[in-house]
Amino acid sequence: YVNIDSTTTQPKLSITTGSATSARNYQIKVSYIECNNPMRAPSGCLQYFTGTSGTMQSYNFGGGVQLQNQRYLLCIRRKTGFCGFQLTESQTSAPDPFNLFPAINTVLTSCTMNFVRAANNHFAASTIAAIVGGAATPITVNIPQGDDRCGGVFGAINGETTPGALQSSPGSPFFVEYFVADANLAGTQTGFSLDFVQTPCM
């Protein structure tokens, strides 16, 4: 999902490929969503999930290589009677369902180059990608702060070897932030595939 500025030029999608001469085929569906449509994603949400459960993946996860220079929100539409959500590693082995930089599992302030963050109630202004005036343009939005996860295991403490669950803070927005620095090592991580489930109000 991308926000567009309807008062200027039409948005444009550009695909940059390598120098190899292999044939490439694309099937791309484009749908416009009305401003008052309930299916419209909140501002700044690049991926939007509307079910009580599902799977969220970083772009190119199926290709087995994490893309560089990424920062975007994955958002969940809150259902009536649900006040939070929980994240766990998907039950798949190839590609690795959670493989971020650095190789050792770390959490919180140790995750600076590459992380998945579940939102809490604190916000800070941050710059993410958006489509404005037909071109990819950085915009500043209030990004929810929260618990960061990185490394090779979706764990809760540094050096964890067994995947665990991450529960969103009570009353927090249903957002997950994903960040990959452009200086991250290329082609050495797979990204993530995480299952989410909304949790009922207590």
Stepwise side-chain contact (heavy atoms from CB on, under 4.5 Å) test for Val116 and Leu194: CA-CA 10 Å; Val116 168; Leu194 298 174; 4.0 Å; yes

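No path of Ile, Leu, Val, Met, Phe, Trp and Tyr side chains, each step under 4.5 Å between heavy atoms, connects Val197 with Met56, placing them in separate hydrophobic clusters. Put simply, Leu73 and Phe61 are part of two different groups of oily side chains (I, L, V, M, F, W, Y) that touch within less than 4.5 Å, one to the next. Residues Val2 and Tyr32 share a hydrophobic cluster, clusters being chains of Ile/Leu/Val/Met/Phe/Trp/Tyr side chains in contact below 4.5 Å.
The minimum heavy-atom distance between Arg40 and Cys35, with the atom names listed, is NH1-O, 3.1 Å. The two residues Tyr48 and Ile76 make their nearest non-hydrogen contact at CE1-C, 4.2 Å. Taking all atoms of both residues into account, the shortest heavy-atom contact from Gly51 to Gln198 is O-NE2, 3.0 Å. Closest approach of Pro95 to Gly62, counting heavy atoms only: CG-O, 4.4 Å.
Considering CZ of Phe174 and CZ of Phe196, their distance stands at 10.0 Å, rounded to 0.5 Å. A distance of 5.0 Å separates CZ in Arg77 from OG1 in Thr50, rounded to the nearest 0.5 Å. With values rounded to the nearest 0.5 angstrom, Phe49 atom CZ is found 5.5 Å from Leu74 atom CG. Rounding to the nearest 0.5 Å places CD of Gln70 at 9.5 Å from CG of Asn60. Between the CZ atom in Phe175 and the OH atom in Tyr72 there is a gap of 15.5 Å [rounded to 0.5 Å]. For the atom pair Ser43 OG and Tyr1 OH, the distance stands at 14.5 Å (nearest 0.5 Å).
Here Phe82 pairs with nothing under the ring-ring contact (aromatic ring centres under 6.0 Å, His included) rule; sequence neighbours left out.
Between the Ser168 side chain and the Gly84 main chain, no donor and acceptor come within less than 3.5 Å of each other. For Asn99 (side chain) and Thr190 (main-chain N/O), a donor-acceptor pair under 3.5 Å exists by modelled atom type. At distances below 3.5 Å, not a single donor-acceptor pair connects side-chain atoms of Gln47 with backbone N or O atoms of Tyr59.
Side-chain contact check for Asn114 and Gln66: at least one donor-acceptor pair (N or O, by modelled atom type) lies under 3.5 Å. Checking Asp195 against Thr55 by side-chain atom types alone, a donor-acceptor pair falls below 3.5 Å. For the residue pair Ser193 / Gln57, a side-chain donor-acceptor distance below 3.5 Å is found, with atom types taken as modelled.
Met113 is not listed as a side-chain neighbour of Cys150, based on a closest heavy-atom distance of 4.5 Å or more. Counting heavy atoms from C-beta on, the side chains of Val180 and Phe101 never come closer than 4.5 Å. Residues Gln167 and Thr199 have side chains in contact (heavy-atom distance under 4.5 Å, counting atoms from C-beta outward). The shortest side-chain heavy-atom distance between Phe98 and Val153 does not fall under the 4.5 Å cut-off.
A side-chain contact (heavy atoms from CB on, under 4.5 Å) with Phe154 is found for one member of Leu166, Leu100, Thr162, Thr88 and no other, namely Leu166.
Heavy-atom neighbours of Glu34 CD from other residues, nucleotides or ligands within 6.0 Å: above the threshold of 12.
Tyr178 and Phe192 have perpendicular rings, their planes meeting at more than 60° on a 0 to 90° scale where under 30° would count as parallel.
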